[in-house]
Amino acid sequence: FHYVPQSLAAAVADFIVTGIIRELRGQGDQHHTMLVNTTHIAEEQNFVQHRITELLQHWWENLHYGNDDVEANAIMQYFKSRFDLLKPHLCHSTHTWQEIAERLDTNVQGNYIDRLAEVASINYRTGERLEYLEAEESGGLRIIAVGGNRLSRGLTLEGLTVSYFARSSLNYDTLLQMGRWFGYREGYQDICKLFTTYEMMDWFYHIAEATDELKLQFRIMSEQNLTPKDCYILGKNIAILHRASKKLNLHRKNSRIGY
């Protein structure tokens with residue numbers, strides 16, 4: 001997969017396989033989205049969008065014209081390997097590889113790859129939008145959305161199932177806002193996938209830990225009928241991470257607390 005890094009190829013393959021599984025569950029009329037957030041630079045986002053498009057075209061052509069040649073078989077085996085990783089975690093349904101393979105055959109009318117929308121690059125240069133409302137009449141939008149800041153905040157990603165996330169920030173609040181995979185995924189939470197770096201996993205672990213501690217403080221305050229004016233709210237410092245930008249830290253005081 002010389003078009004994209006192997007991890008991104010795996011994420012795109014998982015997006016297709018999970019989309020087929022959702023169809024087999026009767027969710028084919030619902031939106032199905034993949035998020036790719038690797039950079040805030042529009043030109044680089046457009047480059048990633050172009051490479052993913054080339055990858056999908058490569059898969060389509062080989063599955064369509066290959067018919068039992070080495071490349072086509074290798075692609076099908078790759079999809080099977082991705083399905084085999086998902087299968088033990090399926091909670092809402094059980095499926096066979098044959099059911100998945102039938103919908104990957106690009107010689108068959110209505111195959112899943114043919115029904116994917118064009119890969120979208122969502123930034124100020126392209127002006128592209130996610131046309132969820134327009135797609136509802138035709139049975140939901142199946143789309144890979146590549147972007148940066150516009151996808152990080154404010155924009156709802158309907159049916160988000162696969163996230164490829166390599167952006168970083170040194171602020172707690174920004175990281176949490178960029179983590180668009182949070183939320184309810186009724187009927188398909190068992191097939192949601194997140195691809196990110198080990199460093200980001202570590203940061204989100206520490207942020208989740210600090211958030212839990214903050215919630216506990218609020219619970220104790222509530223039980224004692226206290227307000228934030230009555231006591232200090234403690235927020236854990238984490239290595240190089242900041243709880244918020246400097247503008248939002250005007251009333252912060254650093255303290256050392258030991259046990």
Side-chain angles (χ1 to χ4, degrees), residues 1 3-25 27-40 44-60 75 78-79 81-83 85-86 89 100 103-104 111-123 126 128-132 134-136 138-167 178-197 200:
F1 306 119
Y3 297 100
V4 299
Q6 187 170 354
S7 59
L8 182 52
V12 174
D14 284 358
F15 172 68
I16 293 172
V17 171
T18 55
I20 293 172
I21 291 174
R22 293 192 65 193
E23 282 196 345
L24 292 170
R25 290 179 176 178
Q27 300 171 7
D29 59 344
Q30 298 179 23
H31 303 306
H32 184 60
T33 303
M34 173 178 173
L35 162 68
V36 179
N37 191 339
T38 60
T39 176
H40 67 281
E44 294 181 9
Q45 294 166 16
N46 297 341
F47 176 76
V48 172
Q49 179 258 351
H50 178 66
R51 283 307 185 101
I52 295 175
T53 300
E54 287 184 324
L55 175 67
L56 289 170
Q57 186 64 26
H58 171 74
W59 283 347
W60 187 93
I75 292 171
Y78 183 67
F79 275 106
S81 71
R82 301 310 303 175
F83 171 70
L85 290 173
L86 276 168
H89 304 286
I100 306 297
R103 288 165 171 77
L104 285 171
N111 68 82
Y112 194 82
I113 297 178
D114 273 347
R115 289 181 285 114
L116 292 176
E118 290 187 8
V119 181
S121 185
I122 311 297
N123 56 58
T126 64
E128 290 189 68
R129 298 183 301 121
L130 296 176
E131 307 288 355
Y132 287 118
E134 291 82 347
E136 286 183 353
S138 58
L141 187 65
R142 303 165 189 85
I143 191 166
I144 299 173
V146 181
N149 293 336
R150 288 189 62 192
L151 291 183
S152 295
R153 306 183 185 193
L155 186 65
T156 299
L157 298 172
E158 301 281 355
L160 180 61
T161 308
V162 177
S163 298
Y164 188 86
F165 187 81
R167 287 284 300 281
M178 289 196 299
R180 306 310 298 260
W181 52 87
F182 299 116
Y184 296 102
R185 302 283 185 266
E186 186 174 355
Y188 64 98
Q189 63 267 34
D190 56 327
I191 56 174
C192 289
K193 299 293 290 289
L194 169 62
F195 293 76
T196 191
T197 65
M200 292 295 291

Checking the side chain of [X] only, and the main-chain atoms of [Y] only, is there a donor and an acceptor separated by less than 3.5 Å?
{"X": "Arg185", "Y": "Thr161", "result": "no"}
{"X": "Arg142", "Y": "Gly28", "result": "yes"}
{"X": "Thr38", "Y": "Ala166", "result": "no"}

Return the minimal non-hydrogen interatomic distance between [X] and [Y], and the atom names on each side.
{"X": "Tyr164", "Y": "Ala11", "result": "CD1-CB, 3.9 Å"}
{"X": "Tyr112", "Y": "Gly19", "result": "OH-CA, 3.4 Å"}
{"X": "Leu160", "Y": "Cys192", "result": "O-SG, 4.1 Å"}
{"X": "Gln49", "Y": "Ala120", "result": "CG-C, 4.1 Å"}
{"X": "Gln27", "Y": "Gly187", "result": "NE2-O, 3.0 Å"}

Could you check whether any side-chain heavy atom of [X] comes within less than 4.5 Å of a side-chain heavy atom of [Y], counting everything from C-beta outward?
{"X": "Ile20", "Y": "Phe83", "value": "no"}
{"X": "Leu86", "Y": "Lys193", "value": "yes"}
{"X": "Val36", "Y": "Val48", "value": "yes"}
{"X": "Ile144", "Y": "Leu56", "value": "yes"}
{"X": "Phe165", "Y": "Leu194", "value": "yes"}
{"X": "Phe195", "Y": "Val162", "value": "yes"}
{"X": "Gln45", "Y": "Thr39", "value": "yes"}
{"X": "Asp190", "Y": "His89", "value": "no"}

Measuring from [X]:[atom1] to [Y]:[atom2], what's the distance to the nearest 0.5 Å?
{"X": "Ile143", "Y": "His31", "atom1": "CD1", "atom2": "NE2", "value": "10.5 Å"}
{"X": "Ile16", "Y": "Phe79", "atom1": "CD1", "atom2": "CZ", "value": "4.0 Å"}
{"X": "Arg22", "Y": "Thr18", "atom1": "CZ", "atom2": "OG1", "value": "8.0 Å"}
{"X": "Ile191", "Y": "Arg25", "atom1": "CD1", "atom2": "CZ", "value": "5.0 Å"}
{"X": "Arg103", "Y": "Asp114", "atom1": "CZ", "atom2": "CG", "value": "14.0 Å"}
{"X": "Ile21", "Y": "Glu23", "atom1": "CD1", "atom2": "CD", "value": "11.0 Å"}

- Message: Show, in sequence, the C-alpha distance, side-chain angles and deciding distance for Leu24 and Ile100, and conclude whether the side-chain contact (heavy atoms from CB on, under 4.5 Å) test is met.
- Response: CA-CA 9 Å; Leu24 292 170; Ile100 306 297; 4.0 Å; yes

- Message: For His32 and Phe15, take the angle between the two ring planes, folded into 0 to 90°, and tell me which bin it lands in: parallel under 30, tilted 30 to 60, perpendicular over 60.
- Response: parallel

- Passes side-chain contact (heavy atoms from CB on, under 4.5 Å), Ile75 versus Leu104? Steps please. CA-CA 10 Å; Ile75 292 171; Leu104 285 171; over 6 Å; no

- Test item: side-chain donor near acceptor, His50 and Glu54, under 3.5 Å: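 A pair is found: one side chain offers a donor N or O, the other an acceptor, under 3.5 Å apart.
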
- Message: Walk me through whether Leu141 and Glu158 qualify under side-chain contact (heavy atoms from CB on, under 4.5 Å).
- Response: CA-CA 9 Å; Leu141 187 65; Glu158 301 281 355; over 6 Å; no

